[in-house]
Amino acid sequence: MNLVARSPQEQNAAVLDPWSAVHFAAGLAMGLLGVSLPRGVAVAATYEVVEHAAEQHEAGRKLFLTKGPESPANIAADLGLFAAGQTLGLRWLAR
């Protein structure tokens with residue numbers, strides 16, 4: 001497993017991929033909207049579960065343009081980046 005995806009074929013096998021920035025930005029947006037951290041992470045985790053289930057099937061892989069389901073390390077990184085972004089947004093609001 002690579003740390004960073006260098007091609008679309010490595011997207012879900014690597015820990016970080018181009019979508020990692022999107023997860024961080026989504027968390028930042030949730031934080032700036034004042035969504036609580038537990039609620040935001042629950043939404044992000046639910047999305048990851050649905051995405052993982054969809055990517056088990058050909059139609060889901062076509063929808064998400066992937067070769068297969070995300071690795072556990074990729075899912076953990078996505079959730080961690082989401083939470084980091086949301087925490088940053090919430091701290092900005094608290095200033």
Considering all heavy atoms, the nearest [X]-[Y] contact:
{"X": "D17", "Y": "A5", "value": "CB-CB, 3.9 Å"}
{"X": "F64", "Y": "A54", "value": "CE1-CB, 3.8 Å"}
{"X": "F24", "Y": "A84", "value": "CE1-C, 4.0 Å"}
{"X": "V41", "Y": "A83", "value": "CG2-CB, 4.1 Å"}

Linking I/L/V/M/F/W/Y whenever their side-chain heavy atoms sit closer than 4.5 Å, directly or via other members, would [X] and [Y] fall into one cluster?
{"X": "L90", "Y": "L88", "value": "no"}
{"X": "V50", "Y": "Y47", "value": "no"}
{"X": "L65", "Y": "V22", "value": "no"}
{"X": "I75", "Y": "V49", "value": "no"}
{"X": "L81", "Y": "V35", "value": "no"}

N/O donor-acceptor pair under 3.5 Å between N2 side chain and A14 backbone: no
Sequence neighbours excluded - salt bridge (charged side-chain N to carboxylate O under 4.0 Å, His left out) pairs with any residue from residues 77-95: none
Distance in Å, E70 CD paired with E55 CD, rounded so as to fall on 0.5 Å steps: 5.5 Å
From CG (L37) to CE (M30), nearest 0.5 Å: 10.5 Å
Flag side-chain contact, heavy atom, 4.5 Å: R39 against Q86: no
Residues W19, N74; criterion side-chain contact (heavy atoms from CB on, under 4.5 Å); working and verdict: CA-CA 10 Å; W19 291 102; N74 183 274; over 6 Å; no
CA sep, side-chain torsions, deciding dist, call: Q56, H52, side chain to side chain donor-acceptor pair (under 3.5 Å): CA-CA 7 Å; Q56 300 289 329; H52 188 77; 3.2 Å; yes
